[in-house]
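All remarks here apply to the structure that follows.
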Amino acid sequence: MRQSHTFKKLLLITAMSGGLLLAGCDGDDGKDGKDGADGQSAGGEASSPLAVTTSGFAIPGDAILVAPDAVDGDDITEALSVALFDLPEDALVVLPKGRFVVTESIVVNSASGLTLTGHGIHETVLDFSTSNGDDAFRFQGGNGITVRDMAVYEAPKNGIKATNVNGIHMTYTATVWEGELEANNGAYGLYPLKSQNVLLENNYAFGSADAGIYVGQSENIVVRNNTAKQNVAGIEIENSTMADVYNNIAVGNSGGILVFDLPGLDKAYGGNVRIFNNHAYSNNAANVGAGVVGLVPPGTGALILATSDVEMYNNQLTDNATTAVAITSYLLVNDDLANYPANYGATMGDGWSPTLKNVYLHNNTIARNGDDPQGALLQPIIDGYGSNMNSKGSPQTFPAILYDGIGELLSNTGDLAGFNALVGPDAQADGVNYDPYGAGDQICANSNINANPAPAYDEVNTGLVYPDDPADVTQVDGDGNPLPHLLIDQMVNNTYLSCVQPRLAPAVVNFRNNIYGCTGDDLAEAACAL
């Protein structure tokens, strides 16, 4: 019964996003593989397909079939492992219809042009609940790999992972941990890492104890038309460059959409991340995660943490109990500045910074957020805004847009100038520094839309924890350190963050010599014209 209930919810959600599962069934726009991107030719000699998946992907008669006679409940581990071992180039491997058991991690090394497909996320379900491995699928190295039309359930660790792949396309897949969101669920659903030309579209992620849809330490990324539900983080872009995240739904997670730069990773920092035309709503699940993602305040529509060069626009951010958007330096995670050189010196040399610059929020629709703010990361700030210990001197509705401001203030006072000596030459050449913020470094929020009805219209606020101008510091501790001022103003015609930044460039994914994203197959997509 639980499986049926989950899929009913999936069908409802995907219907809201414009037919997520069935999009392209009779189209020829390239999003379903009919343009040759997934190993099929759009022209050439006509032939009858062996089968057609629920997404409209035609399976040719010469495909490699995995356990074609298997019936529901069969263990297909050996057949799957054999089929994916020593693959020829441009292989098309087809999983059977039904729900099957897989008892080991399926590892694919250095595949080139592989397409691994089932018959649909309802039609081909692989159950890893008794697996002795960690990841369900792991693709290591290779290029031009597609995974599609299948569902992975109950992976012990991660659902579908890809590392060091140039060209990875995951489409019409589902990763699911059934039941309530729990700490012992697997960590990541879709998990491309240290890869290039990443295309994630038309997928569904449910129940991850870390991120449902995640891209880390990668570049040239498009994440579109996905649904992430009841994960700790719905969609996360981490230490990645040139990423477009659009037309997605994030609902029922602890945090809807996250953009992070975390210390200590091989790719020290990311940037040029655009988040647009997404719907992040009711992301109020209890946070059962670990590490930094475990600090994400439940009830957060979007969180931008220590990442510079982010543009977030034309999103709908509604019914998130803590805030629509939080923009924070890493100093909220660790405020021990004196020990930053000892703790983070090496990664700061590579360009990671606890501060963030050039974040631009505009034209987002914001409504009904902040009615029950929570989370240890923000608790002192929550207490201040909810009491008379803020700039207004009376309890305030928690800001719908919250910026901590501390990294910018300390840069502008010169207190972080000593960190410049840590920054290596490559990072310096890329503009990483701890100088006072210039106009191009500022955090800006304007032209956002207050969708609260009266009389709650006045309760959509912009909050600035610390002033960004040293001249505005009026509260210090006994050692002269600035104290939080908890500035607050209405979001519309706001006093704080009322600047404008140049628009960021669109991301471009080159997959099997086809161009995807707003300068490629989505050139006519409405979201790409915003």
Side-chain angles (χ1 to χ4, degrees), residues 11-35 37 55-56 169-172 197-204 213 215 220-229 234-235 237 242-251 256-257 259 272-283 301-302 310-319 324-325 359-367 444-451 500-511 514-530:
L11 286 171
L12 174 63
I13 294 166
T14 54
M16 292 170 55
S17 63
L20 193 62
L21 298 182
L22 301 180
C25 284
D26 56 0
D28 58 358
D29 59 2
K31 297 178 188 177
D32 59 2
K34 292 181 180 177
D35 65 344
S55 71
H169 182 197
M170 301 180 188
T171 183
Y172 298 103
N197 295 305
V198 175
L199 176 60
L200 306 181
E201 57 180 347
N202 313 311
N203 302 295
Y204 177 76
I213 297 172
V215 185
N220 304 327
I221 301 152
V222 169
V223 179
R224 64 188 184 188
N225 303 314
N226 303 285
T227 297
K229 182 174 184 180
I235 299 170
I237 306 297
M242 298 302 300
D244 275 1
V245 179
Y246 60 99
N247 291 356
N248 301 286
I249 292 176
V251 55
I257 301 174
V259 185
N272 206 108
V273 179
R274 304 195 310 166
I275 310 293
F276 59 101
N277 213 54
N278 304 285
H279 192 182
Y281 68 98
S282 300
N283 291 289
V310 178
E311 184 181 5
M312 185 171 181
Y313 61 99
N314 286 87
N315 301 282
Q316 296 183 57
L317 302 153
T318 61
D319 300 291
V325 185
V359 176
Y360 185 22
L361 273 62
H362 61 94
N363 299 100
N364 299 287
T365 298
I366 295 176
C444 300
N446 66 56
S447 302
N448 294 294
I449 300 163
N450 180 349
V500 176
Q501 292 289 12
R503 305 294 298 274
L504 295 179
V508 176
V509 170
N510 185 333
F511 183 81
N514 289 276
I515 303 302
Y516 293 88
C518 286
T519 62
D521 69 323
D522 260 349
L523 189 62
E525 165 61 34
C528 291
L530 296 172

Discussion item. Please find the pair of heavy atoms, one from Ala324 and one from Ile366, that lie closest to each other, and give the distance.
Written reply: CB-CG2, 3.9 Å

Discussion item. Can you classify the ring geometry of His169 versus Phe511 as parallel (below 30°), tilted (30 to 60°) or perpendicular (above 60°)?
Written reply: perpendicular

Fill in: Atom of Ile237, atom of Ala243 and distance for their closest heavy-atom approach
CG2-CB, 4.1 Å

Worksheet item: Does a side chain donor of either Thr171 or Asn202 reach within less than 3.5 Å of an acceptor in the other side chain?
Response: yes

Practice prompt. State whether Glu201 and Arg224 are salt-bridged, where the test is any N-O pair (Lys NZ or Arg NE/NH1/NH2 against Asp/Glu carboxylate O) under 4.0 Å.
Written response: yes

Worksheet item: What closest approach, in Å, do Ile213 and Ala228 show between heavy atoms, and which atom pair accounts for it?
Response: CD1-CB, 4.4 Å

Fill in: From CG (Asn197) to CG (Asn514), nearest 0.5 Å
11.5 Å

Discussion item. What I'd like to find out is whether the side chain of Asp244 reaches to under 4.5 Å of the side chain of Phe276, using heavy atoms alone.
Written reply: yes

Worksheet item: Quick one: are Met312 and Val359 in side-chain contact, heavy atoms under 4.5 Å?
Response: no

Worksheet entry | Atom of Tyr360, atom of Gln501 and distance for their closest heavy-atom approach | CE2-O, 3.1 Å

Worksheet item: Would Asn510 and Asn220 satisfy side-chain contact (heavy atoms from CB on, under 4.5 Å), going step by step from the backbone distance to the final call?
Response: CA-CA 8 Å; Asn510 185 333; Asn220 304 327; over 6 Å; no

Discussion item. Apply side-chain hydrogen bond (donor to acceptor under 3.5 Å, both in side chains) to residues Asn314 and Asn363 and explain how you reach the verdict.
Written reply: CA-CA 5 Å; Asn314 286 87; Asn363 299 100; 5.3 Å; no

Worksheet entry | Member of Asn364, Asn248, Thr365 meeting the side-chain hydrogen bond (donor to acceptor under 3.5 Å, both in side chains) criterion with Asn315 | Asn364

Worksheet, complete the sentence: CG of Asp521 to CG of Leu199, rounded to nearest 0.5 Å, is 7.5 Å

Discussion item. Please check this pair: side chain of Asn247 against backbone of Ala527, looking for a donor-acceptor N/O pair closer than 3.5 Å.
Written reply: no

Worksheet item: Can you find a pair of side-chain heavy atoms, one from Arg274 and one from Pro506, that are under 4.5 Å apart?
Response: yes

Item to complete: Would you check if the side chain of Asn278 reaches a backbone N or O of Val245 as a donor-acceptor pair within less than 3.5 Å?
Response: yes

Worksheet, complete the sentence: Rounded to the nearest 0.5 angstrom, the NE2-OG1 distance for His279 and Thr318 is 3.5 Å

Worksheet item: Where is the tightest heavy-atom contact between Met242 and Ala507, given as atom of each residue plus distance?
Response: O-CB, 3.4 Å

Item to complete: Indicate the ring-plane relationship of Tyr313 and His362, choosing parallel, tilted or perpendicular according to the 30° and 60° boundaries.
Response: parallel

Item to complete: Looking only at non-hydrogen atoms, find the nearest pair between Asp522 and Cys528 and report the distance.
Response: O-SG, 3.5 Å

Practice prompt. Go through the steps for Val222 and Tyr246 under the test side-chain contact (heavy atoms from CB on, under 4.5 Å), then give the verdict.
Written response: CA-CA 8 Å; Val222 169; Tyr246 60 99; 3.9 Å; yes

Fill in: Pairwise side-chain contact, Glu311 with Arg503, heavy-atom cut-off 4.5 Å (strictly under)
yes

